[in-house]
Chemist: 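First the structure, then my questions, so here it is.
These numbers come from a predicted model, not from an experiment.
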Amino acid sequence: MKSNKLDHPSASDETLVGAAKRGDMMAFEELVARHRDKIYARAFSMVRNEDEAVDLSQEAWVKGWQRLVQFQGDSSFGTWMTRIVINLCLDQLRRRKRQRTESIEVINEEMGGVERQMPVVTSNPTERLERAELRKRIDQALGQLSHEHRTVLILHEFEDLEYKEIAKRMECSIGTVMSRLFYARRKMAVLLANLKTEEFK
């Protein structure tokens, strides 16, 4: 039994999921350790608030443990967990929108927290810096979009969801999704260009 515990760090996600389904909490803890940064980063990219992102990512892990028996391995464990946290974030954004009916725009007040996202694994330190700077610019630009435009962009560009699935999750028409995505892409292009220009001033 001890040897199995020692194998946790080197075991595959698939092996760990199987062990966790049998009640091995250490196996699940290893899965959390491997994917928590990515899950937090996805939550933060959607809700733009560090405290909410922490709460939602923790809630996602609780649900992940509770629903682990439902995980059939059709996708990777990381993708499955990302879907859970995205759904939680969408619910939170809907609650937030209802609470702020006087304004569609959700102003981004939290520009920090980028450093807590999952680091880029690379052997080239220069490439790492360039990727970090790009991520920072993207993060800043995303923060200037409304939550509707930010969400549709994240679901389509980062999660590779189709229009139909996005429309279902956001409770709107496919036409609305396409319109929001068009606007979000155009706005992001302008914002990223402006941010890059400011760096060279």
Side-chain angles (χ1 to χ4, degrees), residues 37-57 59-60 75-76 78-120 130-201:
D37 288 345
K38 177 184 177 182
I39 298 306
Y40 168 82
R42 177 57 68 238
F44 180 77
S45 71
M46 294 185 71
V47 299
R48 311 300 297 178
N49 179 287
E50 290 187 16
D51 291 335
E52 284 186 0
V54 169
D55 290 342
L56 289 166
S57 56
E59 185 179 350
S75 60
S76 70
T79 297
W80 184 70
M81 281 301 307
T82 299
R83 288 174 187 159
I84 291 177
V85 81
I86 283 176
N87 286 331
L88 289 172
C89 288
L90 288 172
D91 289 341
Q92 174 64 13
L93 290 171
R94 290 187 193 108
R95 286 192 294 269
R96 187 191 289 178
K97 186 178 179 182
R98 285 196 294 270
Q99 292 167 357
R100 301 183 183 184
T101 52
E102 73 282 358
S103 174
I104 296 176
E105 294 290 325
V106 177
I107 300 173
N108 173 38
E109 297 173 349
E110 303 283 345
M111 293 305 282
V114 183
E115 69 279 358
R116 292 173 64 178
Q117 295 191 19
M118 189 168 68
V120 176
E130 290 172 352
R131 295 276 288 277
E133 282 302 311
L134 177 60
R135 178 176 291 176
K136 185 176 180 180
R137 286 202 298 270
I138 291 173
D139 185 77
Q140 289 176 334
L142 279 170
Q144 296 179 56
L145 301 180
S146 69
H147 84 74
E148 285 94 347
H149 291 119
R150 183 166 60 244
T151 300
V152 75
L153 193 66
I154 289 171
L155 292 179
H156 188 267
E157 300 294 342
F158 300 151
E159 298 303 325
D160 295 325
L161 295 187
E162 296 181 356
Y163 293 143
K164 184 177 180 181
E165 180 63 22
I166 297 172
K168 181 180 177 182
R169 293 196 184 193
M170 296 189 72
E171 298 178 350
C172 64
S173 70
I174 291 177
T176 299
V177 169
M178 294 173 71
S179 175
R180 287 176 179 172
L181 186 60
F182 174 79
Y183 174 87
R185 282 172 169 166
R186 187 173 59 180
K187 182 73 172 176
M188 281 290 288
V190 172
L191 290 170
L192 288 171
N194 289 343
L195 285 169
K196 190 171 184 179
T197 301
E198 288 174 8
E199 288 184 2
F200 289 101
K201 284 184 178 179

Chemist: Tell me whether the count of non-hydrogen atoms from other residues, nucleotides or ligands lying under 6.0 Å of CE in Met170 goes above 12.
Modeler: yes
Chemist: To the closest 0.5 Å, what do you measure between CG (Leu145) and CG (Leu153)?
Modeler: 7.0 Å
Chemist: State the CD-CD distance between Glu165 and Glu159, to the nearest 0.5 angstrom.
Modeler: 11.5 Å
Chemist: Of all the heavy-atom pairs spanning Ala53 and Ala43, show the shortest one and how long it is.
Modeler: O-CB, 3.8 Å
Chemist: How far does CG of Leu93 sit from CZ of Arg48, to the nearest 0.5 angstrom?
Modeler: 11.5 Å
Chemist: Would you indicate whether the side-chain heavy atoms of Glu59 and Leu56 approach each other to under 4.5 Å?
Modeler: yes
Chemist: Between atom CZ of Arg42 and atom OG of Ser57, what is the distance when rounded to the nearest 0.5 Å?
Modeler: 12.5 Å
Chemist: Taking only residues two or more places apart in sequence or in another chain, which ones pass side-chain contact (heavy atoms from CB on, under 4.5 Å) with Arg83?
Modeler: Ser75, Thr79, Arg169
Chemist: Looking at Ile86, Asn87, Leu88, Thr82, which hits side chain to side chain contact (heavy atoms under 4.5 Å, CB included) with Ile84?
Modeler: Leu88
Chemist: Which pair of heavy atoms, one from Cys172 and one from Val177, lies closest together, and at what distance?
Modeler: SG-CG2, 3.6 Å
Chemist: How about Met188 and Glu157: do any of their side-chain heavy atoms sit closer than 4.5 Å?
Modeler: no
Chemist: Which atoms form the tightest heavy-atom contact between Ile154 and Ser45, and what is the distance?
Modeler: CD1-O, 3.3 Å
Chemist: Any side-chain donor paired with an acceptor under 3.5 Å for Gln92 and Arg95?
Modeler: yes
Chemist: What's the shortest heavy-atom distance between Gln144 and Leu191, and which atoms?
Modeler: OE1-CD2, 3.3 Å
Chemist: Would you compute the distance between atom CD of Glu50 and atom OH of Tyr40 and round it to the nearest 0.5 angstrom?
Modeler: 4.0 Å
Chemist: Please verify the inter-ring angle class for His156 with Tyr163; under 30° counts as parallel, over 60° as perpendicular, anything in between as tilted.
Modeler: parallel
Chemist: Minimum heavy-atom separation for Cys89 to Met46, with atom names?
Modeler: CB-SD, 3.9 Å
Chemist: Report the residues that fulfil side-chain contact (heavy atoms from CB on, under 4.5 Å) with Phe182, sequence neighbours left out, ordered by chain and then residue number.
Modeler: Arg186
Chemist: Does the side chain of His147 come within less than 4.5 Å of Lys97's, by heavy atoms?
Modeler: yes
Chemist: With rounding to the nearest 0.5 angstrom, report the CD1 to OG1 distance, Ile166 to Thr176.
Modeler: 12.0 Å
Chemist: Show the nearest heavy-atom pair for residues Asp139 and Phe44, with the distance to one decimal.
Modeler: OD1-CE2, 3.8 Å
Chemist: Under 3.5 Å, is there a donor-acceptor pair between the side chain of Arg137 and the main chain of Leu192?
Modeler: no
